[in-house]
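One structure below.
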Number of protein chains: 2
Amino acid sequence: MIRAAGVKVTRQRVRVLDALLAARQPLCHGELDAQLGGDGDDNGAAIDRVTLYRILDSLVGCGLALKAVDPRGVFRFSAAGAQRQHAGHVHFRCTDCGGVFCLAAEPPPPPKLPRGFQLGEVEFDVRGTCAQCTRAGVAP
Amino acid sequence: MIRAAGVKVTRQRVRVLDALLAARQPLCHGELDAQLGGDGDDNGAAIDRVTLYRILDSLVGCGLALKAVDPRGVFRFSAAGAQRQHAGHVHFRCTDCGGVFCLAAEPPPPPKLPRGFQLGEVEFDVRGTCAQCTRAGVAP
DNA sequence: CCGTAAATGCAACAGTGTTGCGTTTGCGGA
DNA sequence: TCCGCAAACGCAACACTGTTGCATTTACGG
């Protein structure tokens with residue numbers, strides 16, 4: 001599993017990758033730290049902050065995880081498989097509460113690129129106010 | 001000018017807003033700090049870091065500036081007018097060098113939103129490899 | 001079973017962003 | 001023009017995120 005990616009398989013890496021795979025959203029470093037420290041089943045010891053960064057970096061390096069930046073300016077990591085579910089469809093980002101919603105709509109075809117540019121992936125982000133914040137913003 | 005936004009007009013605010021208006025790209029805090037300190041014409045004194053943050057926050061609060069996060073996880077600020085030029089068209093982001101290019105293509109129409117959602121703005125980001133990095137990546 | 005290189009943990013550091021507080025300054029009013 | 005107040009400014013210190021260096025432990029191959 002992890003070995004196939006060409007790195008050593010250790011208990012910590014398995015734990016981190018498990019946490020990433022179990023998460024439905026990309027996790028920031030703090031959430032991962034809390035989650036791994038709060039398990040308390042086999043070993044309650046929290047993973048060192050530095051080790052966590054290094055594990056995440058290596059996972060990103062071997063393609064098992066993806067790194068992104070959230071609106072607060074902190075890095076969030078997600079398992080590569082989970083990201084693939086989100087690639088290729090449209091997201092709605094609420095500018096009020098910061099929540100992200102997945103829309104059912106198909107993404108439009110990519111536009112023509114200048115000569116020499118290679119297409120990677122397409123992200124169609126729609127920003128606005130979600131239903132809940134719209135309702136909360138009108139009443140008061 | 002600034003006064004119309006409902007805040008006091010001070011020399012520092014004018015300087016910051018000038019720098020933002022003169023910049024073609026969103027500036028991070030460090031660049032603003034360096035630019036305002038390196039002017040050296042009327043007063044070479046650099047603006048205090050904290051004051052700069054507060055000025056930027058107030059400019060954002062009164063709608064004169066916009067705040068964003070760059071891939072490195074630092075905040076970038078831009079004048080509201082400059083942002084409007086970029087709204088509503090397509091950007092190409094090179095995953096290799098991190099550069100951003102503006103494409104001439106029209107953005108596609110926004111998709112249907114669930115009930116209660118209010119449309120704000122639409123961002124169509126295309127990621128891939130730019131011409132320069134493609135060339136550099138093939139040869140070596 | 002042993003050796004090596006990678007992985008881990010600890011400590012310390014750098015950069016970014018924030019908070020508290022005293023002083024200065026813009027701006028309205030006397 | 002002068003005064004007073006609230007906002008803005010500057011300084012110091014702090015919190016958080018992310019990084020680097022080095023000694024120790026551990027996975028994995030011989």
Side-chain angles (χ1 to χ4, degrees), chain A residues 1-20 26-37 39 42-62 64-78 98, chain B residues 1-20 26-37 39 42-62 64-78 98:
Chain A
M1 23 185 78
I2 295 184
R3 191 168 310 163
V7 293
K8 282 190 186 176
V9 44
T10 67
R11 185 183 295 110
Q12 313 284 45
R13 276 188 202 194
V14 174
R15 287 216 291 161
V16 172
L17 191 55
D18 269 351
L20 283 182
L27 297 174
C28 72
H29 163 266
E31 293 164 344
L32 273 170
D33 201 3
Q35 187 164 337
L36 294 173
D39 265 343
D42 50 354
N43 59 356
I47 293 185
D48 192 69
R49 233 159 40 86
V50 180
T51 302
L52 186 49
Y53 277 113
R54 283 201 258 247
I55 289 175
L56 290 170
D57 273 349
S58 58
L59 288 180
V60 170
C62 67
L64 286 177
L66 296 187
K67 193 179 192 177
V69 184
D70 81 346
R72 259 188 36 227
V74 298
F75 292 127
R76 304 195 90 89
F77 297 88
S78 61
Chain B
M1 22 186 79
I2 295 185
R3 190 168 311 163
V7 294
K8 283 191 186 175
V9 44
T10 67
R11 185 183 296 109
Q12 313 285 44
R13 275 186 203 193
V14 175
R15 287 216 290 161
V16 172
L17 190 55
D18 270 351
L20 283 182
L27 297 174
C28 73
H29 163 267
E31 293 164 344
L32 272 170
D33 200 4
Q35 188 164 338
L36 294 172
D39 265 341
D42 51 354
N43 58 356
I47 293 185
D48 191 70
R49 232 159 43 87
V50 179
T51 302
L52 185 49
Y53 278 112
R54 281 201 259 248
I55 289 175
L56 291 171
D57 272 349
S58 58
L59 289 180
V60 170
C62 68
L64 287 177
L66 295 188
K67 193 178 191 177
V69 182
D70 80 347
R72 256 188 37 225
V74 298
F75 293 126
R76 305 195 88 89
F77 297 88
S78 59

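A note on names: the letters A, B, ... follow the listed sequences, proteins ahead of strands, and every chain is numbered from 1.
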**OP:** Give the nucleotide from the list dG17(C), dG9(C), dA7(C) with an atom nearest to the side chain of Ile47(A).
**Re:**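 It is dG9(C).
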
Original post:
How bent is the helix from dC1(C)-dG30(D) to dA30(C)-dT1(D), comparing axes over its five end pairs at each side, to the nearest 10°?
Top reply: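 Roughly 20° between the end axes, to the nearest 10°.
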
How close do [X] and [Y] get, counting heavy atoms only, and between which atoms?
| X | Y | result |
| --- | --- | --- |
| Glu31(B) | Pro26(B) | OE1-O, 4.1 Å |
| Val69(A) | Gly73(B) | CG1-CA, 3.8 Å |
| Ala19(A) | Leu27(A) | O-CD1, 3.9 Å |
| Phe75(A) | Arg72(B) | CZ-O, 3.5 Å |

**OP:** Have a look at Val50(B) and say if it touches a base, only the backbone sugar-phosphate, or nothing, with a 4.0 Å heavy-atom cut-off.
**Re:**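 It contacts base atoms.
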
Between [N] atom [atom2] and [X] atom [atom1], what is the distance in whole Å?
| X | N | atom1 | atom2 | answer |
| --- | --- | --- | --- | --- |
| Asp57(B) | dT16(C) | CG | C1' | 13 Å |
| Asp33(B) | dT16(C) | CG | C1' | 12 Å |
| Arg49(A) | dT8(C) | CZ | P | 16 Å |
| Leu56(A) | dT8(C) | CG | P | 11 Å |
| Asp70(B) | dT16(C) | CG | P | 10 Å |
| Arg72(A) | dA15(D) | CZ | C1' | 12 Å |
| Leu59(B) | dA8(D) | CG | P | 10 Å |
| Ile55(A) | dT8(C) | CD1 | C1' | 8 Å |

Original post:
Asp48(A) or Ser58(A): which one's nearest nucleotide on DNA chain C is closer to the 5' end?
Top reply: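 By nearest-heavy-atom nucleotide position, the 5'-most residue is Ser58(A).
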
**OP:** Hey, which sits more toward the 5' end of DNA chain C by its nearest nucleotide, Leu52(A) or Phe75(B)?
**Re:**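 The answer here is Leu52(A).
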
**OP:** With sequence neighbours left out, write down each residue that passes side chain to side chain donor-acceptor pair (under 3.5 Å) with Asp48(A), or none if nothing qualifies.
**Re:**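 If we apply the side chain to side chain donor-acceptor pair (under 3.5 Å) test to Asp48(A), skipping adjacent residues, there are no hits.
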
Check whether any side-chain nitrogen or oxygen of [X] sits under 4.0 Å from OP1 or OP2 of [N], and answer yes or no.
| X | N | result |
| --- | --- | --- |
| Tyr53(B) | dT18(C) | no |
| Thr51(B) | dG10(D) | yes |
| Gln12(B) | dG26(C) | no |

Subject >> side chain to side chain contact (heavy atoms under 4.5 Å, CB included), paired with Gln12(A), selected from Leu17(A), Ile55(A), Leu52(A) >> reply: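 Only one of Leu17(A), Ile55(A), Leu52(A) forms a side chain to side chain contact (heavy atoms under 4.5 Å, CB included) with Gln12(A), namely Ile55(A).
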
**OP:** Look at the side chain of Arg54(A) against the base of dG9(C) and say whether a donor-acceptor pair falls under 3.5 Å; ignore hydrogens and angles.
**Re:**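 By the distance-only test, yes, there is a pair.
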
Subject >> Base of dG26(C) paired with side chain of Arg13(B) (donor-acceptor, under 3.5 Å) >> reply: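 Between dG26(C) and Arg13(B), which were checked side chain against base, a qualifying N/O pair under 3.5 Å is absent.
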
**OP:** Could you check if a side-chain atom of Leu64(A) sits within less than 4.5 angstrom of a side-chain atom of Leu20(A), using non-hydrogen atoms only?
**Re:**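 No, their side chains stay 4.5 Å or more apart.
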
